[in-house]
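Everything numeric here is computed off the predicted structure, so don't read it as measured data. Below, each value reflects all heavy atoms present in this structure, side chains not excepted, and no hydrogens, waters or symmetry copies. Every chain is numbered from 1, with letters handed out A, B, ... down the list of sequences.
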Amino acid sequence: MDIEERLDLICRKPAEEIVTRNELRSLLETKEHPVAYQGFEPSGKAHLGTGVEAALKTKDLMDAGIKFKLFLAEWHAWINNKMGGDLEAIRKVGEYFQKVWLSLGVPETVEFVWSSEFVDDSDYWGRIIRVLKESTVARITRCLTIMGRKEAELQEAAQYLYPAMQVSDIYQMELDIACSGMDQRKAHMLARDVGPKLGLPKPVAVHYHLLAGLQGPIKMGGFDDDETIDQEISSKMAKSHPETCIFAHDSEKELKEKIRKAYCPAGEVEGNPIMEIVDHILFRGREREFTIERPSKFGGDVTYWQYEELKKDFAENNLHPQDLKNKVSAELNSLIAPCRKYFEDHPEYLEVFREQTVTR
RNA sequence: CCCGGCGUAGUUCAAUCUGGCAGAACGGCGGACUGUAGAUCCGCAUGUUGGUGGUUCAAAUCCGCCCGCCGGGACCA
């Protein structure tokens, strides 16, 4: 695989923003196996974003020859009051997440890293203090939205530690690339701003699209100054709203019912969660066969090879939402089937969710 | 430890002062309209009023105690 092919693989959808593509190219040119990571707060069940998209993107980078670390940020989850702040439960959810990703195709050679592995390292905390000393309170405050909380929920002083910890994580693991959803970009920008001041390299950032919840667009505001990004974060699929969130191991029945109820206005592509799934999960910018079965009275079966063709037909009302939904249900069903199967065979990993109430 | 505020439907809150059938909005569910969903229209259900004891014909409401959350203060050799 040459550099351009590797570059395309890394930048492939659902990737949405690369900071910067040129830096990524020169990284690939100068380093045989750059190191990347993606961090998560273990909390709640994995869904199409935290499970499927994360696994797809991890696999892309690994296929492109990147050494990949999946980081399970137990302490961050604790600060963010996930799983009731119970580190024991958080750890169990982390083990569950490992199985989700592996079942969805992440190669076994991935490295799992836990934040508890280096929280007793003074270098780690020393770097946090150095990051904080290079940052103003205002700057850190603006980063707090990476925790996915609204202003009213940002009341605890411990939360101010969070962005600096995330920056310190990047250097602790000696990463070249920080990969995450668009909602984490402020942490990576902080690392890119502060790192050089501390004599540390700027990480390349790979940010992927946040899938909308099945309810469609929500205008909440307050997550980003950029209106498009703000809407993307506001509307994202969230485990706290299970009826508009497809979990990585939903039953076929649950999956179909959720898709059936999903917001999907005919002819409207923007803010359409079903179209987002087609674009970012099913096509992902590549050519493939995508055959939609239709009764002959509605035009009979139709095959698309590119998302752009499908998008054009949908926008011109030549493709009805109902027919598209049927296809998306079937595709997603087979995509998540291995994950569902894994937890059918290993139900013990789901026990942690039995007693716990869902936390955001 | 002290002072104050608060605790009511899934959620945000009203009703508390002045005791008299516990309500609204949003959300949810069902139906109509759509070859999906949403929107719209029609209809339905929201509940141990934090717990407990008391006063009263009658308590979400008044009184006692307890629990929890929030804010402030005190303590800090």
With sequence neighbours excluded, tell me which residues meet salt bridge (charged side-chain N to carboxylate O under 4.0 Å, His left out) with D345(A).
K341(A)
With [atom1] as the reference atom in both, quote the distance from [N] to [M] in angstrom, rounded to an integer.
N	M	atom1	answer
C62(B)	U8(B)	P	16 Å
A9(B)	A22(B)	P	15 Å
G28(B)	C65(B)	P	44 Å
U55(B)	C63(B)	P	16 Å
G50(B)	G10(B)	P	13 Å
A15(B)	G73(B)	C1'	34 Å
G51(B)	C42(B)	C1'	41 Å
A77(B)	C6(B)	P	36 Å

Per the under-4.0 Å heavy-atom filter, residues of residues 258-266 of chain A near RNA chain B come out as R260(A), K261(A), A262(A), Y263(A), C264(A), P265(A), A266(A)
So if I take residues 311-321 of chain A and measure heavy-atom distances to RNA chain B, which residues fall below 4.0 Å?
H320(A), P321(A)
Salt bridge (Lys or Arg N to Asp or Glu O under 4.0 Å), that's the test. Do D279(A) and R284(A) meet it? Break it down for me.
CA-CA 6 Å; D279(A) 188 13; R284(A) 306 184 57 216; over 6 Å; no
Output all residues satisfying side chain to side chain contact (heavy atoms under 4.5 Å, CB included) with [X], sequence neighbours left out; order by chain, then residue number.
X	result
N318(A)	D313(A), E316(A)
K258(A)	L214(A), I246(A), F247(A), D250(A)
R260(A)	E257(A)
E308(A)	K311(A)

With a 4.0 Å cut-off (strictly under) to non-hydrogen atoms of chain A, the first and last hit nts on RNA chain B, 5' to 3', are C29(B) to G38(B)
side-chain hydrogen bond (donor to acceptor under 3.5 Å, both in side chains) involving E293(A) - partner list, sequence neighbours excluded
none
Pairing stems for RNA chain B [at least three consecutive pairs; Watson-Crick or G-U; under 3.5 angstrom]:
B:1-7 with B:67-73, B:10-13 with B:23-26, B:28-32 with B:40-44, B:50-54 with B:62-66
Any donor-acceptor N or O pair under 3.5 Å, side chains [X], [Y]:
X	Y	value
H76(A)	D169(A)	yes
S251(A)	E254(A)	yes
S180(A)	Q38(A)	no

Ignoring hydrogens and angles, write down the donor-acceptor pairs under 3.5 Å from the side chains of residues 160-167 of chain A, residues two or more places apart or on other chains.
from	atom 1	to	atom 2	distance (Å)
Y160(A)	OH	T141(A)	OG1	3.2
Y162(A)	OH	E41(A)	OE2	2.3
Q166(A)	NE2	Q184(A)	OE1	3.0

Which pairs pass side-chain hydrogen bond (donor to acceptor under 3.5 Å, both in side chains) with one or both residues in residues 93-108 of chain A, sequence neighbours excluded?
Y96(A)-H249(A)
Candidate pair T303(A) and F290(A), rule side-chain contact (heavy atoms from CB on, under 4.5 Å), full reasoning:
CA-CA 5 Å; T303(A) 298; F290(A) 196 84; 5.9 Å; no
Could you tell me whether N326(A) contacts a base, only the sugar-phosphate backbone, or nothing, with contacts defined as non-hydrogen atoms closer than 4.0 Å?
nothing
If you take the centroid of each ring, where Trp contributes its six-membered ring, are F68(A) and Y37(A) closer together than 6.0 Å?
no
